[in-house]
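In what follows, a single structure is set out as structure tokens and then discussed.
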Amino acid sequence: MDTLNGFKRTHMCGVLRREHIEEEVILMGWVQKNRELGGLKFLDLRDRTGLCQIVFDEEVSAEAFEKASILRGEFVVAVKGIVKERYSVNDEMPTGQIEVFADELRILSKSEVPPIHINDDDTAKESLRLKYRYLDLRKPKMFKKLMMRNKISKSVRDFMEENGFIDVETPVLTKPTPEGARDYLVPSRVNKGKFYALPQSPQLFKQLLMVSGFDRYYQIVKCFRDEDLRKDRQPEFTQIDIEMSFVDQEEVISINERLLQKVFKETKGIEIEAPFKRFTYEEAMSRFGSDKPDTRFGYELTDISEVLKDSEFKVFSGTIAKGGMVQGINIKGQMDAYSRNNIKKLEKFVADYGAKGLAWFKIKEDGVNSPIEKFLSEDEVKGIVETMKAEVGDLLLFVADQKKVVYDSLGALRVHIAEDLDVIDRSEYDLLWVTDFPVFEYDDEEERFVAKHHPFTAPKFEDIELLETAPEKARANAYDIVLNGFEIGGGSIRINTLELQQKMFNALGFTNEEADEKFGFLLEAFKYGAPPHGGIAYGLDRLAMILTDSENIREVIAFPKTQNATSLLTDAPAIASKSQLEELGIQLMELSDE
RNA sequence: GGUUCGGUAGUUCAGCUGGUUAGAACGCCGGCCUGUCACGCCGGAGGUCGAGGGUUCGAAUCCCUUCCGAAUCGCCA
């Protein structure tokens, strides 16, 4: 094995062009591929900038030529040589105009045959890619994704600095919180029996920074939530956290529109028009069945309860009588896209969301084709067709149920079908705000109201009295930013007075004592002049996922976790030693089979 | 916690209504080759069919249990 021993890299592999012809260069990198032709050897040398072809010719250097025969894929080498114009140009590669004739070859490190191909076309299973992540990350596409992620955060940082925001670090060892997601707990050795929690978000600290007068704060920061994973959810994730003082909702929204305009411009070269589209929570739910609607396609929800409330068909009228509704989506012009059998599959799909069935109409030349048509009167059929604005060739799908089930199932179904039929314009970026979220939602399990956003969110001024009289009706100064049907960020104007914050905790079922115990430090801070403030937090990983057109969030995280929240690379989490546990004063329960 | 899909050479897959010695492609190893760049040609090696148990004369194939990965519901203030 050779050493650098004075060798100094002069260029990266991917940057060499015709202008470098006749220059002597020293390149370093990994062997992508070697092609031996007997008296001539070619080598594609790779670093993060790309590939460069090296030629080994006996007449240039017999020694290098000889040595090159032991090269194998992923060996790390240094090559000194002269850049020459290619005999046969390769237009497929950026460096295809030139090649480097090697007069010295140093082998810096050997490699076994890697378990995955270091190639963008590699189709290795994800579990294998995760186990050998350091090899997976050698792929150009993975470099590109992480570079895009870096570009996004640089763009954000630039914007924040230009606009007077100060980057302040907040603690990672914090206090467990009663509300919201499960905390990751960290045992305290010094205070046996007590635990820190890893932050779900720096929420309270950024509010305290506003009390301190920092005025504008931001941080790109890791957050942790011990909940089940999804393709867009990891237990540790990165938040772009922003907070501002003396602002109202409009100001927060407007500055964030400028931020996103800059990010899209600098990362994708795309001009986004502001102001962005806006939907109230009510409107988003009733039109799209979702508080993070994808509006790149239609298939909006239509309420046909009015037409059916007196129907003989009890599946419909009975549901309406019990406070439910019947709604449908019109899959325009796609009558033939789904056979009876395939509609059965759609029915299975909505069953996951609690829908007990999926009725359908196919609008044919000679009338409506539907298994339920015979149960409906002529007027009802006509009324449905009219309300749904149905035309020949359309497929109508209906769910009858309570509001939540109707919205959940049809909201998911319209997305499912749009993806299935490939009607979404992938080049489009659909950015929109959803505003006026309810302050509370009812938690069936806990049998009480819980905060929809978080308990520090300010209700709309005109809804404050509803906190006590009709909490379910109170709307919050809360807003989400949605991109292509993903919630990429959310924020709110916060409560900044002791009285209102206490009222809020009371509405959530906390006594003053409980509130004091859990959030006393915040309530205390509000006694000493807390300015009006508000902010937002973005999921950087999600944003990067969408901007890199990735299938899942793991693709834009260097070392992600699996769905079981483990690392296939490090095997974390692991069993702690007995002495470690003793030191922490922790005793494990016997894990039973139940 | 539930549902669904998947696990077979190094990799991606086929084989799965049970039946000779488990195949293909790529990769890998050896040989030949002076303009390759998906190099080509010749030859070769390589398998705990995720694991355990069961049914059977016989299991990659059927059944049960279990582990691992993914999608999804619940969960995610």
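Remember, predicted model here, so these are calculated numbers, not experimental data. Here is how names work: the chains are called A, B, and so on, in the same order as the sequence lines, proteins then strands, and each is numbered from 1.
- Pairing partner, B:U55: none, since no Watson-Crick or wobble contact has both distances short of 3.5 Å.
- You'll find a donor-acceptor pair under 3.5 Å spanning the side chain of A:R233 and the base of B:C75, going by distance alone.
- Only the C1' atoms considered, B:A9 is 11 Å distant from B:A24, to the nearest whole Å.
- Here the side chain of A:A181 is nearest to one of B:G10, B:C76, B:G35, namely B:C76.
- At a cut-off of 3.5 angstrom, the base of B:G35 holds at least one donor-acceptor pair with the side chain of A:E99.
- Both A:T566 and A:Y353 sit near RNA chain B, but only A:T566 has its closest nucleotide nearer the 5' end.
- Base pairing annotation: B:G43 forms a Watson-Crick or G-U wobble pair with B:C29, both donor-acceptor distances under 3.5 Å.
- If you take atom C1' in B:C29 and the same atom in B:C16, they sit 33 Å apart, rounded to whole Å.
- The salt bridge (charged side-chain N to carboxylate O under 4.0 Å, His left out) test applied to A:R35 returns A:D44, not counting sequence neighbours.
- Residue A:D352 is in sugar-phosphate contact alone, with no base atom involved, counting any heavy-atom pair closer than 4.0 Å across all strands shown.
- Within 3.5 Å, a donor on the side chain of A:R230 pairs with an acceptor on the base of B:G74, or the reverse.
- For a distance-only test at 3.5 Å, the side chain of A:N90 qualifies as a donor-acceptor partner of the base of B:C37.
- A distance below 6.0 Å separates the ring centres of A:Y299 and A:F297.
- The base of B:G69 does not come close enough to the side chain of A:N564 for any donor and acceptor atom to sit less than 3.5 Å apart.
- With hydrogens and angles ignored, no donor-acceptor pair closer than 3.5 Å exists between the side chain of A:T562 and the base of B:C68.
- Among the heavy atoms of the strands lying under 4.0 Å from A:E126 are primed sugar atoms or P, OP1, OP2 only; no base atom is included.
- Residue A:R129 is classed as having no contact, given no heavy-atom separation below 4.0 Å to the nucleic acid.
- No N or O donor and acceptor, one from the side chain of A:R225 and one from the base of B:C75, sit under 3.5 Å apart.
- At a threshold of 4.0 angstrom between heavy atoms, the contacts of A:K33 are confined to the sugar-phosphate backbone, with no base atom among them.
- Stacking of A:K175 on the aromatic ring of A:Y196 is not recorded, the 6.0 Å distance cut-off and the 45° axial limit not both being met.
- At a threshold of 4.0 angstrom between heavy atoms, the contacts of A:L37 include nucleobase atoms, whether or not backbone atoms are also involved.
- Closest to the side chain of A:Q53, out of B:C76, B:U36, B:C13, is B:U36.
- Shown here for A:Y353 and A:D408, the closest heavy-atom pair between the two residues is CD2-O, 3.8 Å.
- With the nearest nucleotide of RNA chain B identified for both A:D44 and A:P115, A:P115 has the one nearer the 5' end.
- Comparing B:U8, B:A71, B:G1 against the side chain of A:K125 picks out B:U8 as the nearest.
- Going from the C1' atom of B:A60 to that of B:G6 covers 15 Å, rounded to whole Å.
- A cation-pi arrangement, defined by a distance under 6.0 Å to the six-membered ring centre and an angle within 45 degrees of its axis, is present between A:K518 and A:F510.
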